[in-house]
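The structure appears below as C-alpha cells.
This structure is a prediction, so every number in the text was calculated from the model and none was measured. Order of the sequence lines sets the chain letters (A, B, ...), proteins ahead of strands, with each chain counted from 1.
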Protein chains: 2
Amino acid sequence: MASLSSWVSSERVTIYDVAKAARVSTATASKALNDSGRMAQETRDRIKRVALELGFRPNSLARSLTRKRSFTVGLLTNDTYGRFTLPVMAGISEGLIDHGVSVFLCAVEDNSDLAKTHVEAMLDKQVDGIIATGKRIDKPLPVDLSGLPVPVVYALTAGPSDGVTLLPDDRQGAAEAVRHLIAQGRRRIAHITGPSDFKVVHERALACAEMLSAATRAKDMGTLFGSWSERWSHQAIETLWSASEKPDGIFCGNDQIARGVVDALRERGVSVPRDVSIVGFDNWEIVAKETRPPLTTVDMNLKELGRQAGLALVRLVNGEAVEKGVWKLPCSLIVRSS
Amino acid sequence: MASLSSWVSSERVTIYDVAKAARVSTATASKALNDSGRMAQETRDRIKRVALELGFRPNSLARSLTRKRSFTVGLLTNDTYGRFTLPVMAGISEGLIDHGVSVFLCAVEDNSDLAKTHVEAMLDKQVDGIIATGKRIDKPLPVDLSGLPVPVVYALTAGPSDGVTLLPDDRQGAAEAVRHLIAQGRRRIAHITGPSDFKVVHERALACAEMLSAATRAKDMGTLFGSWSERWSHQAIETLWSASEKPDGIFCGNDQIARGVVDALRERGVSVPRDVSIVGFDNWEIVAKETRPPLTTVDMNLKELGRQAGLALVRLVNGEAVEKGVWKLPCSLIVRSS
DNA sequence: AATTACTGAGAAACCGTTTTCTCATTGCAT
DNA sequence: ATGCAATGAGAAAACGGTTTCTCAGTAATT
C-alpha cells in the first residue's frame, strides 16, 4: 500500500520557491528541471536537488498553458453496460499514463446532445486528442468527430474511412479457432453463431468458411445464424444432431453460445472434447472458465487494443505519421479443455 | 448526429479578441461573461453577443489557473474486467458533466505503484477531488487516499470509516426480493447464494433471514452458500429437492445462480413461476432477460450510485457539509416473469 | 455651490510555467 | 593587447484568463 502522505503539508511548492531556495531565477530553475537551456552541470544538479528536497511538483495547468499541450486526451464511449469496453478503456489508460498523459472519461450513451456537450467540454479543457470507443464495430458514436482541431482515434467502434480505427482481427481469430479444430483431428466442422446483422458475425463466419474450404482434410458442415444466447445453442444442436452426419468440431460465435453448446451436448450424452471439440470466442472468463470442461476460446486482446489506440493517438498528437484506415489487431487462441 | 464543424476554423478565439471586438478591456469582457462585476446591462449584453458571434470558448486551463479550481476530478478503479464498474463510471461521468466537471479515468488493477503514479498525475493536473471505485465492496484500492489535499469519495469499494462511501443497500434489496416472494403467495422460501467470503453474500443472506423470521406466513427453508455459478445452482437444487419438504420460492444471490436454478428446475419438470417463484440479484440484463421465463431480479441502480458519488464529491469540493460514513442507496425490484 | 455616494469601466497584478532574448564574463586565438 | 566565440544565467514577455483596485464622471444630498 503506497503512502502519499507527503501531500498532507499545506501549500504547494512552486517553481518560485525552488528558484529562491537555489538562489537562481525561475527561468534557470525551469530550464534546469526540464534539462533544457544551457547552464553549468553543477547548477543544474543543485537546482534539481533543491526541487527534490522541497517536493516540487510542477503545476500541469500552468505548464500546459504555455506549452499549448495539455498531456490530456478525451475518451468517448457509448457503452455503459457491456463488458468489452472496460478492458479497452483500461488499456488506454494504462498505455497513456506511461507517457504522462491523462484520460478524460466521457460516457455518452446514444445521446447526441450529451456527446456534443462532452466534446465541447474536452475541447475547452484543451485535450490533445480524442479516442472514440464503443460496443459494436459496426455502429458509430452519435457524434461526428471529423473536423475537430485535435486528432481522433477510433477503437472498437466504427470510424470514418480516412480516420485511424483499431479493431480486433475477427477473421484471424476465427481462422485460428478453426485451425485448432483441424489440428485436433476434427474433420466435420460446423459454425454456430449470432445474429446476421452483426458485422463480427459475418467476419467470423467468412473466415471460418474460407479456412474450411482451403482445408483438404476437413469438411464444412455449415454455419447456423441465430442469437447470442444459450437458448439458441440448444436449438442449433437440435438441428445439427437431427441430421445423419454430425459434426465433430464446432466453432461458436461467442462464449455464451459455446457454453450452451457444451451443455446441450452433455444432455445428449455427447462428450466434450472426446466426441466433439468446441471453440468459443471472446474469452469471457466468467463463462469460459466456468464451463465444464473449461472452454478453449479466442481472446480479442482488448486491453492491448486499447493500449495501441492510446499510443497511436500520442503519435498523431506528436505529429508523427500514422497509417490511416483500419488496423486489425491479432486475437489469441486460449487453449483450455474443450 | 451533432455537427461540431464550427471548430474547423483555424485559431481559437480568446477573450482579447472578444474585448477588442466589443471595444472594451479584457477585464470588462471577463466580468460581462461571468455575470460578475458592475457595468451597464447594455454593455454586458453587447459583450455577450459579440462573444457568441465570435464563438468564444474560454480556455479552461487559463481559467483554472487563477480560480484554483480545475473543474476536474479523478476516477480511480481497480476493475478492468467486471460488469459492475462500468455503470458506476458512466453515472459519475454523466452526473458531473452537468456541473461542468470532467473526469480523469485511471485504471490501476491491483498495482500499488501504478495507482500512486496515477494519483500523482491527477494531483499535478490539479484535480478538485477523487472518486475511488472498484469491484467489491469489501476490498479497498491498493493505495491510501487519506491525507490528500483534495476530498475523496468511495463508490462500490471499501473506504475508511471517516470517509464518504456509497454502496448499494444489499439488505434492502434482499428484503424487497423476499417480500415479493411472500406477496406472490410463497410460503417456503430458500436462499441460494455465492461464496461466504463475500460481504454482499452475508448482507443479502442476513436480510433474507430477518425478513423471513419476521414473516408470519412464510417459512425459512435455509440458506445455501456456494459459488457464483450455474453449476452450483444445479447442486443446490439437487440438495433442496432431495428433502421431503421443497421450497416454493427461491431468492438467489445473483442472476447467474438464478439462471442455473431456473434451468435445473425445468430439467426436473418443475415449472417457474407456477410451482416455484425465483428472484435473482444484479439485474444483469444479458442473463436476466434471456432466461426463460425472464428473471425477476433486484437492480442495484449502479448508475444512480455513480451519479450520487459524483454529486457528493462536488459538494465536498464546494466546501458544503457531507455526512461521513457509508451511504446505502436503495435497490429496485425489477419484476419480470419468474 | 459644495460635498457625498454611486456607477461604469479600465489598469495592472496575478495564477505558475516556459521561452526568447539579452548580456556580462570567460577563454582562446590572433 | 585585441577581437571573437562560447558560456552561464537572468529579465521579461508570453499563455489566457480573473480579480482587485483605482478613478473619472454623474447623480443625489446638504
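- Within 6.0 Å of atom CZ in B:Arg69, more than 12 heavy atoms from other residues, nucleotides or ligands are found, so the atom counts as buried in its surroundings.
- Within 6.0 Å of the NZ atom in A:Lys48, the count of heavy atoms belonging to other residues, nucleotides or ligands exceeds 12.
- Between A:Thr72 and A:Gln126, the side chains place no donor N or O within less than 3.5 Å of an acceptor N or O (distance only, hydrogens not considered).
- Nearest to the side chain of B:Thr14, among D:dG10, D:dG17, C:dT17, sits D:dG17.
- Among the nucleotides C:dC15, C:dT17, D:dC15, the one closest to the side chain of A:Ile15 is C:dT17.
- Listed in residue order, the members of residues 28-47 of chain A having a heavy atom less than 4.0 Å from DNA chain C are A:Ser30, A:Lys31, A:Asn34.
- For the pair B:Arg23 CZ and C:dG10 P, the interatomic distance rounds to 12 Å; values are reported in whole Å.
- Between B:Leu316 and B:Pro151, the shortest heavy-atom distance links the atoms CB-CB, 3.8 Å.
- The pair A:Lys324-A:Asp162 does not count as a salt bridge, with every side-chain nitrogen at least 4.0 angstrom from each carboxylate oxygen.
- Taking 4.0 angstrom as the limit, A:Ser25 places a side-chain polar atom (N or O) nearer than this to OP1 or OP2 of D:dG10.
- Here the P atom of nucleotide C:dT18 and the CG atom of B:Leu65 are 12 Å apart, to the nearest Å.
- Counting heavy-atom neighbours within 6.0 Å of B:Glu320 CD, excluding the residue itself, gives a total above 12.
- For A:Glu94, the salt bridge (Lys or Arg N to Asp or Glu O under 4.0 Å) partners are A:Lys303, A:Arg307, not counting sequence neighbours.
- Straight-line distance from the CG atom of B:Asn59 to the P atom of C:dC15: 18 Å, rounded to whole Å.
- Atom-to-atom, CZ of B:Arg12 to P of D:dG16 comes out at 10 Å; the value is rounded to the nearest Å.
- Closest-nucleotide positions on DNA chain C for A:Ala62 and B:Thr26 were compared, and the one nearer the 5' end corresponds to B:Thr26.
- Rounded to an integer number of Å, the gap from A:Arg63 CZ to C:dT18 P is 5 Å.
- Atom pair B:Arg67:CZ and C:dG16:C1' shows a separation of 18 Å (rounding to whole Å applied).
- Remark: P of C:dT17 and OH of A:Tyr16 are 8 Å apart, rounded to the nearest angstrom.
- Distance B:Lys125 NZ to C:dG16 C1': 16 Å, rounded to the nearest Å.
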